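Written below as structure tokens is the structure these notes are about.
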Amino acid sequence: MDHSNKLISIIIPVKNGENYLAEALQGIKNQNMHVEIIVVDDGSTDNTAQLAEKLGCIVLKHEKCLGPVIAKNNALKIAQGDLILFHDHDDIMNPNSLAMLYNELEANPQISAVMAKVQDFYSPDMPEEEQKKTIIKKDPYWGLFTGAVLMRKSVFDTIGPFNENITAGEIIGWQSRMQQFNLQIKKIDYVSTQRRIHASNFGKTQAKKEFKDYTLLLRNKLGRK
């Protein structure tokens, strides 16, 4: 692992994630970068916490489920890295992605974050019938937080923590706050992460809530104008 680089805190909020967590962690370890991995076990009833500890992660345990936004904020309080990357427990980072994001951020001191693209894929354990009913994006895309955005931790000193009234779609609020404080996000045409689509994706199960949260964020943004 390259310790000449700045420490990157990788934050993984997860509830009942023992099914895919090991694969996600392997993808991160294969990056061969200077990282600490903070797994926030958000009220799991399976062996998520034990698995994360066994695989060398720092584990923050919520006795009951508080949701991924509070999980992210709690992890930020203990993160030691100069740089932060959020990662879902079920996604897989492509080889060399972290170095690519890191080098881009380090080469551009005027930018506060780098955003790469993600590529959806059907989880191999997803039944074919379910796959047929679930439409995924064929092309890589920007706009997903986890596994795709590397940012300076100092960003949160400026814009504050995530809004804990929002349970989904926090990237919209984050981008809006970045804009408000004139902090730059550089988009790069590079696929950093494979986003696993399966029956219990948070994004799918929280779709209605996410829509309400987007509406609230938009209203707040327009209200400021």
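Note that the structure is a prediction, hence the values are computed from the model and not measured. We use all heavy atoms of the structure for the numbers below, so side chains are in, but hydrogens, waters and symmetry mates are not.
- In this structure, E23 and Q26 have side chains that are not in contact, with every pair of non-hydrogen atoms separated by 4.5 Å or more.
- Distance alone, capped at 3.5 Å, is enough to place a donor-acceptor pair between the N16 side chain and the D46 backbone.
- By the 4.5 Å heavy-atom criterion applied to side chains, I38 and C57 are not counted as neighbours.
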I'd like to know whether N163 forms a side-chain hydrogen bond (donor to acceptor under 3.5 Å, both in side chains) with E170, so could you lay out the CA-CA distance, the side-chain angles of the two residues, the decisive distance to 0.1 Å, and finally the verdict.
CA-CA 8 Å; N163 179 351; E170 67 274 21; over 6 Å; no

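- Side chains of L105 and L83 form a contact here, defined as non-hydrogen atoms less than 4.5 Å apart.
- Both M151 and I172 are assigned to one and the same hydrophobic cluster, defined by single-linkage of ILVMFWY side chains at heavy-atom distances under 4.5 Å.
- Judged as a salt bridge (charged side-chain N to carboxylate O under 4.0 Å, His left out), and not counting sequence neighbours, K153 has no contacts.
- Side chains of I171 and M115 form a contact here, defined as non-hydrogen atoms less than 4.5 Å apart.
- The structure places CD of E129 at 4.5 Å from NZ of K132, a figure rounded to the nearest 0.5 Å.
- Shown here for P95 and Y190, the closest heavy-atom pair between the two residues is O-OH, 3.5 Å.
- Here the closest non-hydrogen pair linking V69 and E164 is CG1-CA, 4.0 Å.
- In summary, the side chains of Q194 and D91 do not present any donor paired with an acceptor at a separation below 3.5 Å, with no hydrogens or angles considered.
- Between H198 and M126, the closest heavy-atom pair is CA-SD, 4.0 Å.
- For the pair L60/I78, a side-chain contact is recorded, criterion being any heavy-atom separation below 4.5 Å from C-beta on.
- A salt bridge links D189 to K117: at least one charged side-chain nitrogen sits closer than 4.0 Å to a carboxylate oxygen.
- Other members of a hydrophobic cluster containing I135 are absent, since no ILVMFWY side chain comes under 4.5 Å of it, directly or through relayed contacts.
- The cluster map of Ile, Leu, Val, Met, Phe, Trp and Tyr, joined by side-chain heavy atoms under 4.5 Å apart, puts I185 and I11 in the same cluster.
- Cluster membership for V40 and I70, using ILVMFWY side-chain heavy atoms within less than 4.5 angstrom, is not shared.
- One side chain, S9 or E36, offers a donor N or O that lies under 3.5 Å from an acceptor on the other.
- By the 6.0 Å contact criterion, CD on E128 is open, its count of non-hydrogen atoms from other residues, nucleotides or ligands being 12 or less.
- Counting all heavy atoms, side chain and backbone alike, A116 lies closest to W142 at O-CD1, 3.3 Å.
- Contact between L25 and L55 at its shortest, heavy atoms only, is CD1-CD1, 3.6 Å.
- Within the 3.5 Å criterion, the main-chain N or O of L98 finds a donor-acceptor partner in the side chain of Q31.
- Inspection of the S112 and R152 side chains reveals no N or O donor paired with an N or O acceptor under 3.5 Å.
- Inter-residue side-chain proximity for R196 and P124 is flagged as met; some heavy-atom pair is nearer than 4.5 Å.
- To the nearest 0.5 Å, the span separating OG1 on T146 from CG on D88 amounts to 3.5 Å.
- Between the CG atom of D82 and the CG atom of N5 there is a distance of 11.0 Å, given to the nearest 0.5 Å.
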Verdict with supporting geometry, V39 and H89, side-chain contact (heavy atoms from CB on, under 4.5 Å)
CA-CA 9 Å; V39 171; H89 84 281; over 6 Å; no

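- Evaluation of the ring-ring contact (aromatic ring centres under 6.0 Å, His included) test over residues 55-86, restricted to residues two or more places apart or in two chains, returns F86-F145, F86-F162.
- The ring-ring contact (aromatic ring centres under 6.0 Å, His included) pairs that include a residue from residues 117-140 number zero, where partners must be two or more places apart or lie in different chains.
- Between the side chains of S44 and D41, at least one donor N or O lies within less than 3.5 Å of an accepting N or O.
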Going through the checks in order, is the side-chain contact (heavy atoms from CB on, under 4.5 Å) test met by I197 and T134?
CA-CA 9 Å; I197 304 297; T134 308; 3.8 Å; yes

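- Considering CG of N74 and CG of L66, their distance stands at 7.0 Å, rounded to 0.5 Å.
- Linking ILVMFWY residues whenever their side-chain heavy atoms come closer than 4.5 Å, directly or via other members, places V35 and L21 in the same cluster.
- In this structure a side-chain-to-backbone donor-acceptor pair under 3.5 Å is missing from D42 to V14.
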Go through it in stages, so that I can follow the logic: the residues are K6 and E106, the test is side-chain contact (heavy atoms from CB on, under 4.5 Å), and I'd like the CA-CA distance, side-chain angles, deciding distance and then a yes or no.
CA-CA 10 Å; K6 289 177 181 171; E106 286 298 284; 3.2 Å; yes

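- Using a 4.5 Å heavy-atom cutoff, the side chains of N94 and T193 are not in contact.
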Given side-chain contact (heavy atoms from CB on, under 4.5 Å), test I28 with H87 step by step and report yes or no.
CA-CA 9 Å; I28 294 165; H87 196 295; 3.9 Å; yes

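- Contact of the I8 side chain with the I10 side chain is registered, since non-hydrogen atoms from C-beta on lie closer than 4.5 Å.
- Judged purely by distance below 3.5 Å, without hydrogens or angles, the side chains of D125 and Y20 pair a donor atom with an acceptor atom.
- Hydrophobic clustering places L183 together with F156 (ILVMFWY residues linked when any side-chain heavy atoms are closer than 4.5 Å, directly or through intermediates).
- No donor-acceptor pair under 3.5 Å is formed between the side chain of Q179 and the backbone N or O of Q184.
- For the pair S192 and L101, the tightest heavy-atom approach, listed with the atom from each and the gap, is CB-CD1, 4.5 Å.
- Applying the 6.0 Å contact sphere to NZ of K54 captures no more than 12 heavy atoms from other residues, nucleotides or ligands.
- For E104, the side chain to side chain contact (heavy atoms under 4.5 Å, CB included) partners are N108, V114, K186, I188, not counting sequence neighbours.
- Taking Ile, Leu, Val, Met, Phe, Trp and Tyr as hydrophobic and joining them when side-chain heavy atoms fall under 4.5 Å apart, one finds L144 in a cluster with V118, Y141.
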